[in-house]
Enquirer: 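I'd like to ask some things about the structure below.
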Amino acid sequence: MEFSLGMPAAGEPTTDKLFDVIVIGSGPAGLTAALYAARAHLDVLVLTGSDIGGQVALTSEVENYPGFPEGVQGPELVQRMQEQAERFGARVELDTITAVDFQQHPFVLTGYNGNYLARAVIVATGASPRKLQVPGEAELTGRGVSYCATCDGWFFQDKEVVVVGGGDSAMEESLFLTKFARQVTVVHRRDQLRASKILQKRAFANPKIDFIWDTVVTEILGEEKVEAVRLKNVKTGEERVMPIDGVFIFIGHIPNTGIFQGQLEIDERGYLVVDRRMHTNVPGVFAAGEVADPIFRQVVTSAGMGAAAAMEAEKWLAEQKAEQEEREQERAVTA
Ligand code: NAP
């Protein structure tokens with residue numbers, strides 16, 4: 001692959017504007033990458049994807065992002081990040097990338113609104129909620145099955161809901177749901193939570209939250225809306241049907257790497273493989289945030305990865321430019 005830093009070569013879609021850096025995704029990783037790239041005087045475009053603001057935009061309160069001792073609402077935090085990136089010249093556009101071509105340079109990204117050309121790309125496509133994959137889940141999504149308490153909690157005023165999962169998300173969202181629901185029952189497949197101690201403590205202390213241990217949901221029942229869940233104790237094998245108004249599922253996430261299959265190296269769990277400096281296996285393509293982070297998955301670590309990716313992209317572009325200028329000088333001398 002030969003890298004060029006001029007306008008697109010003949011045969012490429014010349015109507016499409018060429019950007020120094022295109023960031024795919026608009027969560028904390030993408031917006032921080034855009035901020036750093038824009039402040040390095042690069043021409044930056046952020047393509048938001050359909051989940052504008054990423055997962056944190058669906059979160060209620062963020063208490064562990066530094067600089068906000070009183071906590072901050074997730075949507076407000078990403079809105080501020082976007083404003084900060086735009087203040088330094090980053091352009092944020094609503095489009096979802098459906099295909100990428102990293103075999104040619106400038107790289108070509110295809111979205112619903114057309115093609116985009118980029119000298120460097122920062123992938124920050126994040127992760128999506130993992131599904132339970134039980135009968136009734138897909139059919140009743142939006143009709144009592146939800147993956148977002150902030151979005152849907154309000155519909156469950158004085159109702160009874162089940163939360164599936166034992167991690168930080170499940171605890172945080174259970175606590176949030178107690179603002180609306182009469183009773184929140186956490187169904188967890190083990191007898192110990194994975195969540196951090198502080199969230200465990202708060203959940204255990206909340207009189208509206210109770211726990212069913214060693215149990216999985218095997219089916220979600222209902223005609224027009226959720227009416228019950230079928231539960232199975234994984235130790236005894238005992239099954240029962242529990243009447244319920246809603247089911248909130250927080251059992252982790254799956255990285256959004258579908259469009260990069262065959263283009264970028266992906267590990268066995270589906271995460272993009274990056275080195276310590278956020279480089280993917282394709283020179284000029286970087287990745288940041290949950291799409292490339294199976295370990296930390298925090299707003300602050302995603303933002304940090306975004307900053308690092310942008311700094312590396314800037315360095316890489318400068319190196320490419322210097323090399324190109326050197327080649328041109330050599331050509332001029334030999335001509
Ligand atoms: P997570 O930590 O991976 O926890 C997923 C939970 O779902 C685990 O308890 C797991 O059970 C359970 N689970 C997974 N697959 C399941 C299945 N098929 N059926 C039933 N249960 C299943 O995911 P998360 O809670 O979304 O958190 C993701 C990351 O974000 C973590 O690093 C977390 O610390 C971070 N986070 C932080 C905060 C905060 O700091 N305030 C808030 C939200 C998220 P096992 O325990 O048995 O594996």
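Counting convention: from 1, in listed order, for ligands and their atoms alike.
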Enquirer: So is K17 actually on top of F19's ring, under 6.0 Å and inside 45° of the axis?
Expert: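 Checked: cation-pi criterion met.
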
Enquirer: In terms of ring plane angle, is the pair Y65 and F68 parallel, tilted or perpendicular, where the classes change at 30° and 60°?
Expert: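 Plane angle between 30° and 60°, so tilted.
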
Enquirer: Taking only residues at least two apart or on different chains, which pairs with a member in residues 129-145 satisfy side-chain hydrogen bond (donor to acceptor under 3.5 Å, both in side chains)?
Expert: E137-Y147

Enquirer: For the residue pair S169 and F250, what are the closest heavy atoms and their distance?
Expert: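 That closest heavy-atom pairing would be CB-CB, 4.0 Å.
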
Enquirer: Please give the N or O to N or O pairs under 3.5 Å between ligand 1 and the protein, distances rounded to 0.1 Å.
Expert:
from, atom 1, to, atom 2, distance (Å)
ligand 1, 9 (O), G166, N, 3.0
ligand 1, 9 (O), G167, N, 3.3
ligand 1, 11 (O), R189, NE, 3.1
ligand 1, 11 (O), R189, NH2, 3.4
ligand 1, 25 (O), D168, N, 3.3
ligand 1, 25 (O), S169, N, 3.0
ligand 1, 25 (O), S169, OG, 3.2
ligand 1, 26 (O), S169, OG, 2.7
ligand 1, 30 (O), R297, O, 3.4
ligand 1, 32 (O), F296, O, 3.4
ligand 1, 34 (O), D168, OD2, 2.6
ligand 1, 34 (O), Q298, NE2, 3.3
ligand 1, 40 (O), N64, ND2, 2.7
ligand 1, 40 (O), Q298, OE1, 3.4
ligand 1, 41 (N), E172, OE2, 2.7
ligand 1, 46 (O), R190, NE, 3.4
ligand 1, 46 (O), R190, NH2, 2.8
ligand 1, 46 (O), R194, NE, 3.0
ligand 1, 46 (O), R194, NH2, 3.4
ligand 1, 47 (O), R189, NE, 2.9
ligand 1, 47 (O), R190, NE, 2.7
ligand 1, 48 (O), R189, NH2, 3.0
ligand 1, 48 (O), R194, NE, 3.3
ligand 1, 48 (O), R194, NH2, 2.7

Enquirer: Check the orientation of F180 and F176. Use parallel for under 30°, tilted for 30 to 60°, and perpendicular for over 60°.
Expert: perpendicular

Enquirer: Let me know which of V229, I249, I251 forms a side-chain contact (heavy atoms from CB on, under 4.5 Å) with V217.
Expert: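 Result: among V229, I249, I251, V229 is the only option passing the side-chain contact (heavy atoms from CB on, under 4.5 Å) with V217.
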
